[in-house]
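A short write-up of the structure that comes next.
Side-chain atoms are counted along with the backbone in the values below, which use heavy atoms only and exclude waters and symmetry mates. Please read these numbers as outputs of a predicted model, since none were measured by experiment. A note on names: the letters A, B, ... follow the listed sequences, proteins ahead of strands, and every chain is numbered from 1.
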Amino acid sequence: MAQDKIKALIGMNDILPSQTPVWRFLEAQVKATLDGFGYQEIRMPLVEQTSLFKRSVGEATDIVEKEMYTFERSERSLTLRPEGTASCVRACEEHQLIANNKRQRLWYMGPMFRYERPQKGRYRQFHQIGVETFGMASADIDAELIIMTHQLWQRLNIRDKVVLQLNTLGSSEARANFKAALVEFLVVRKDQLDEDSQRRLDTNPLRILDSKSPSTQALLNDAPEFMDYIDEESAQHFSELRALLDAVGVEYEINPRLVRGLDYYGKTVFEWVTNELGAQGTICAGGRYDGLVEQLGGKPTPAVGFAMGIERLILMLEAMDVIPAQVAKTLDVYLVSEGDVAVPAMKLATQLRDQLPKLRLQMHMGGGKFNKQMKKAVESGASFALVVNEEKLANGQVGVKPLLERGEQINLSLDNLTDWLAQNL
RNA sequence: GUGGCCGUAGCUCAGUCGGUAGAGCACAGGAUUGUGAUUCCUGUGGUCGCGGGUUCGAUCCCCGUCGGCCACCCCA
């Protein structure tokens with residue numbers, strides 16, 4: 001009886017060798033950008049106490065209500081992190097990184113877990129690059145984050161395919177007033193709302209603004225507008241942000257109906273969206289969450305951040321065909337040999353790797369026909385084949401043959417080989 | 001949680017009007033050229049997603065289930 005083969009969990013993907021070069025390329029571009037702005041990396045555990053997410057993300061959100069991977073261990077309720085911000089705040093608090101409003105610009109990268117039905121650009125284990133800043137209340141840091149992402153799109157060559165949507169949610173007080181007015185307006189028109197929005201009237205009225213239903217959107221045209229409820233400070237903050245973005249030439253669309261799903265956002269919210277990815281068009285989203293640190297037991301600390309979905313960015317890069325060909329290249333040199341030279345060949349490879357730390361050299365293993373070895377050399381994608389045999393070694397030489405274009409093989413003395421490779425790779 | 005489409009070798013697919021399966025590519029080995037993208041030969045590999053039903057007999061019909069893709073909800 002053949003046992004059923006164990007397969008990966010639904011929505012949990014293996015990232016195979018054919019894909020990892022693209023991931024590494026993207027990660028390298030992101031890191032270069034973050035480094036350029038002086039952001040520091042922080043790494044948090046993947047598992048936290050369940051209550052951390054309940055208190056931060058919001059008890060009534062879908063993430064907490066039905067999407068968390070939660071389990072019991074040692075009489076504690078633990079959860080695989082569904083997002084990174086809560087963990088980051090917890091870590092900063094725990095290690096006094098943001099005590100007394102000490103400033104921090106931090107980033108992290110890694111898997112997040114949400115129990116949802118997978119579809120294009122959405123998986124149960126997915127990967128985010130998160131950026132969080134603390135201790136800075138002014139709009140210039142909001143602007144910096146947006147400018148930084150903007151620069152990343154330029155680096156990745158997708159800038160003309162993404163649009164920045166911008167909104168402000170105001171202070172929690174202004175938001176509460178607006179929410180009350182909105183509910184008041186919608187309650188009497190409840191029967192005109194789509195089914196989902198009727199439900200949201202109780203759970204999360206602001207999200208009705210986001211509804212995809214055309215009839216609901218039409219109804220909203222006469223609804224109260226947040227700009228009539230916004231507090232003075234938030235309005236000022238928002239206009240400062242816009243002035244900064246204007247000054248550096250980052251274009252944006254004001255979207256008064258942009259509402260983020262997580263409870264902790266206030267004032268600035270933004271999303272970079274694309275229409276290249278089907279229904280999951282948001283590749284990067286974030287906003288200000290000045291109240292969260294206090295909510296988690298710390299002192300009031302201003303904070304802004306955002307998260308990018310790595311899978312979505314990669315889908316984007318592939319759809320846009322902007323992945324440089326050299327990304328897939330993993331080898332510079334493939335060493336082949338004929339005759340009884342296994343020992344000197346191994347010594348040569350070792351010596352070259354010692355002398356050229358950046359050299360990517362792979363040896364053909366197990367001997368075999370020289371013809372096959374050369375085929376393997378070509379398939380390997382290496383720039384050069386290094387040919388070792390008894391005759392050449394007797395003369396203190398090795399053969400170097402270019403593989404990318406059909407070129408003549410040259411013989412180099414062992415003494416010159418290292419320098420030659422250093423110059424020609 | 002809801003809905004639509006789909007499920008035959010690693011990949012792309014064919015096929016049996018119901019009698020337990022094939023091609024190309026890929027992979028491994030070999031022949032030849034004896035330092036590579038040609039040609040030729042051979043081989044590995046599927047109880048036709050899984051379970052049940054109808055039938056003498058099902059991969060092909062029916063039901064269920066699992067998985068994949070996409071969409072809703074929600075979100076990165």
Q: Just call it for A:Arg114: base, sugar-phosphate, or nothing, with non-hydrogen atoms closer than 4.0 Å on any strand.
A: base

Q.
Using whole Å, what does the distance between atom P of nucleotide B:A37 and atom NZ of A:Lys375 come to?
A. 5 Å

Q. Salt bridge check: are A:Glu338 and A:Lys369 linked by an N-O gap of less than 4.0 Å?
A. no

**Q.** C1' atoms of B:G45 and B:U8, separation to the nearest Å
**A.** 14 Å

Q: Using a 4.0 Å heavy-atom cut-off across all strands, classify A:Gly278 as base, sugar-phosphate, or nothing.
A: sugar-phosphate

Q) Within the structure, does a side-chain N or O atom of A:Lys369 lie under 4.0 Å from either OP1 or OP2 of B:G36? A) no

Q.
Is it the case that atom CD in A:Glu391 sees more than 12 heavy atoms from other parts of the structure closer than 6.0 Å?
A. no

Q. Base, sugar-phosphate, or nothing: which does A:Tyr115 touch, judged by heavy atoms less than 4.0 Å apart?
A. nothing

Q) What is the distance from CD of A:Glu65 to P of B:C74, rounded to the nearest Å? A) 12 Å

**Q.** Phosphate OP1/OP2 of B:A71 contacted by A:Gln119 side-chain N/O (<4.0 Å)
**A.** yes

Q: Under the ring pair (Phe, Tyr, Trp, His ring centres under 6.0 Å) rule, what do A:Phe384 and A:Trp420 come out as? Steps first, then yes or no, please.
A: CA-CA 12 Å; A:Phe384 301 100; A:Trp420 190 91; 5.1 Å; yes

Q) Contact class for A:Pro82 (heavy atom, under 4.0 Å): base, sugar-phosphate, or nothing? A) nothing

Q) Does A:Arg189 count as lying over the ring of A:Phe185, i.e. NZ or CZ under 6.0 Å from the six-ring centre, within 45 degrees of the axis? A) yes

Q: With P as the reference atom in both, quote the distance from B:C25 to B:U38 in angstrom, rounded to an integer.
A: 11 Å

**Q.** Pi-cation contact, A:Tyr115 with A:Arg124 (under 6.0 Å, within 45°)
**A.** yes

Q: Have a look at B:G7 and give me syn or anti from its glycosidic angle (syn if within 90° of zero).
A: anti

Q. Quick one: the side chain of A:Lys401 and the base of B:G36, do they pair up donor-acceptor inside 3.5 Å?
A. yes

Q. Looking for any heavy atom pair under 4.0 Å, which part of the strands does A:Leu313 touch: base, sugar-phosphate only, or nothing?
A. nothing

Q.
Rounded to whole Å, how long is the line connecting atom CG of A:Leu386 with atom P of B:G36?
A. 17 Å

Q. Taking 4.0 angstrom as the limit, do A:Glu41 and A:Arg43 come out as a salt bridge?
A. yes

**Q.** A:Phe370 CZ - B:U32 P separation (whole Å)
**A.** 17 Å

Q: Would you mind checking if A:Arg260 and A:Glu271 are paired as a salt bridge, meaning a charged N to carboxylate O distance below 4.0 Å?
A: yes

Q) Base, sugar-phosphate alone, or nothing: which one does A:Ala285 contact when heavy atoms must sit under 4.0 Å apart? A) sugar-phosphate

Q) Hey, is the side chain of A:Lys392 pairing donor to acceptor with the base of B:U35 inside 3.5 Å? A) yes

Q: Report the secondary structure of RNA chain B in dot-bracket form, marking unpaired bases with a dot and bases paired to a different strand with |, and treating Watson-Crick or G-U pairs with both distances under 3.5 Å as paired.
A: (((((((..((((........)))).(((((.......))))).....(((((.......))))))))))))....

Q.
Less than 4.0 angstrom between a side-chain N/O of A:Lys376 and OP1 or OP2 of B:U35, yes or no?
A. no

Q. B:U35 P sits how many Å from A:Asn411 CG, rounded?
A. 14 Å

Q: Can you check whether any acceptor in the base of B:C69 is under 3.5 Å from a donor in the side chain of A:Arg117, or vice versa?
A: no

**Q.** Separation between the P atoms of B:U12 and B:C62, rounded to whole Å
**A.** 25 Å

Q | Spacing of A:Lys212 atom NZ relative to B:C72 atom C1', expressed in whole Å | A | 8 Å

Q. Salt bridge check: are A:Asp35 and A:Lys31 linked by an N-O gap of less than 4.0 Å?
A. no

Q) In whole Å, what separates the C1' atom of B:G15 from that of B:A58? A) 15 Å

Q.
Rounding to an integer number of angstrom, what distance separates B:U55 and B:U47 when you compare their P atoms?
A. 28 Å

Q.
Under a 4.0 Å threshold between the charged nitrogen and the carboxylate oxygen, would A:Arg90 count as salt-bridged to A:Glu94?
A. yes

Q. Rounded to whole angstroms, how far apart are CD on A:Glu67 and C1' on B:C72?
A. 13 Å

(Q) Taking the minimum atom-to-atom distance to the side chain of A:Arg312, which one of B:C74, B:C75, B:A37 wins? (A) B:C75

